[in-house]
Number of protein chains: 2
Amino acid sequence: MLLGFFADTMMNDCTVRRTVEFLGKKWTLLILLELHKGGGSRRFSEFRGCLDGITPKVLSARLSELEKEELVSKNMDSSSFPIKSVYTLTQSGEEVMDIIRNIKGWAIKWKLVNEACALYDCDECEL
Amino acid sequence: MLLGFFADTMMNDCTVRRTVEFLGKKWTLLILLELHKGGGSRRFSEFRGCLDGITPKVLSARLSELEKEELVSKNMDSSSFPIKSVYTLTQSGEEVMDIIRNIKGWAIKWKLVNEACALYDCDECEL
DNA sequence: CCGGATCCGGGTAGATACTG
DNA sequence: CAGTATCTACCCGGATCCGG
């Protein structure tokens, strides 16, 4: 009887909580966004330029988590010089873009500060 | 010329980053979800039962932030005893449910552990 | 150089006790 | 009941260092 109401909510603690705990970690969504903007793949040092303020330690940790969770795959080429590590979005990672679009849509509606953000991708207006 | 591509991405650092920094904080989305499940409003101690593991300090801090950002409004009745504080979702807060549904949809597709989560709201399967 | 790992300091979350 | 105070533990940020 209550089931109907709860089914309508389409959400619950277990699934949502686990996912939020993982995706909600600082930098995680922004890393995924950067990967998308890079056409699906980026190198380690490219993130450091894009994600202003991220430290190599945190970046390394997040990328490892994302790789473990299979949102990102890592491809290291140590044969050439210098070493190239390329991180690539998987399909599940790419589909996180829907969530990010949703977040941006919400922000534009309720929180927009910089109007340019609503129109196009402003690399200049990083915090 | 590049503008077209970027516009298609429908997202950028400034808006997304600010919003993720705020909504992505630990417990924030879960608090909003609990409010929704409570029909749009909850009292302080009700959260403590629902959000297993949250401490009053963090709960208080998050609710203050949400109130400041106007996703939640607080209604305190200190005339009677015991004091009643009721927290209510605003319209912008309610619309965050779309984001949470999106997250749950993603999780069900890619990460589901407990199948019951996909069907209805399982209070029992909290971490 | 590039891709990290390590060490250290500060802030934020967690646990518990306490108060109006 | 609705928080605040305190103390601890962990995570994040900054800088440095190191192997390929």
- Message: Tell me every residue that passes side chain to side chain contact (heavy atoms under 4.5 Å, CB included) with A:Lys74, counting only those two or more places apart in sequence or in another chain.
- Response: A:Glu67, A:Met76, A:Ser85, A:Tyr87

- Query: Does the distance from a Lys or Arg side-chain N to an Asp or Glu carboxylate O, for A:Arg18 and A:Glu21, drop under 4.0 Å?
  - Reply: no

- Query: Any side-chain heavy atom of B:Leu35 within less than 4.5 Å of one from B:Leu66?
  - Reply: no

- Message: Whole angstroms only, please: what is the CG-C1' distance between B:Leu63 and D:dG3?
- Response: 11 Å

- Message: I need the NZ-C1' distance between A:Lys74 and C:dC2, as an integer number of Å.
- Response: 12 Å

All N/O pairs under 3.5 Å across the protein-nucleotides 11-17 of chain D interface:
{"residue": "D:dC12", "atom": "OP1", "partner": "A:Arg62", "partner atom": "NH2", "Å": "2.3"}
{"residue": "D:dC12", "atom": "OP2", "partner": "A:Arg62", "partner atom": "NH2", "Å": "3.4"}
{"residue": "D:dC12", "atom": "N4", "partner": "A:Lys57", "partner atom": "NZ", "Å": "3.4"}
{"residue": "D:dG13", "atom": "OP1", "partner": "A:Lys26", "partner atom": "NZ", "Å": "3.2"}
{"residue": "D:dG13", "atom": "OP1", "partner": "A:Trp27", "partner atom": "NE1", "Å": "3.3"}
{"residue": "D:dG13", "atom": "OP2", "partner": "A:Trp27", "partner atom": "NE1", "Å": "3.0"}
{"residue": "D:dG13", "atom": "O6", "partner": "A:Lys57", "partner atom": "NZ", "Å": "2.3"}
{"residue": "D:dG14", "atom": "OP2", "partner": "A:Gly53", "partner atom": "O", "Å": "3.3"}

- Query: Mind checking whether A:Trp106 and B:Thr15 have side chains closer than 4.5 Å, heavy atoms only?
  - Reply: no

- Message: Classify B:Tyr87 by what it touches in the nucleic acid, base, sugar-phosphate, or nothing, heavy-atom distance under 4.0 Å.
- Response: sugar-phosphate

- Atom CD1 of B:Ile83 to atom C1' of D:dT4: distance rounded to whole Å? 13 Å

- Could you tell me whether A:Glu65 and A:Arg62 make a salt bridge, using a distance below 4.0 angstrom between a side-chain N and a carboxylate O? yes

- Query: Tell me, do B:Ile99 and B:Ile103 make a side-chain contact under 4.5 Å, heavy atoms counted?
  - Reply: yes

- Query: For B:Met76 and A:Ser78, take the nucleotide of DNA chain D holding the closest heavy atom to each; which residue's nucleotide lies nearer the 5' end?
  - Reply: B:Met76

- Note on the structure: Rounded to whole Å, CZ of B:Phe81 lies from P of C:dT19 at a distance of 15 Å

- Query: Under 4.0 Å between a side-chain N or O of A:Arg43 and OP1 or OP2 of C:dC2?
  - Reply: no

- Task: Quickly work out the B:Glu67 CD to D:dA2 P distance and round it to whole Å.
- Result: 15 Å

- Message: Consider salt bridge (charged side-chain N to carboxylate O under 4.0 Å, His left out). Of A:Glu95, A:Glu69, A:Glu70, which one does B:Lys111 pass it with?
- Response: A:Glu69

- Task: For A:Glu46 and C:dC1, give me the distance from atom CD to atom C1', rounded to whole Å.
- Result: 15 Å

- Atom pair distance, as rounded to whole Å: CG in B:Leu59 and C1' in C:dT12: 16 Å

- Note on the structure: Taken to the nearest whole Å, CZ/B:Phe47 to C1'/D:dC1 is 14 Å

- Message: Side-chain N or O of A:Ser85 versus OP1/OP2 of C:dG3: is the shortest distance under 4.0 Å?
- Response: no

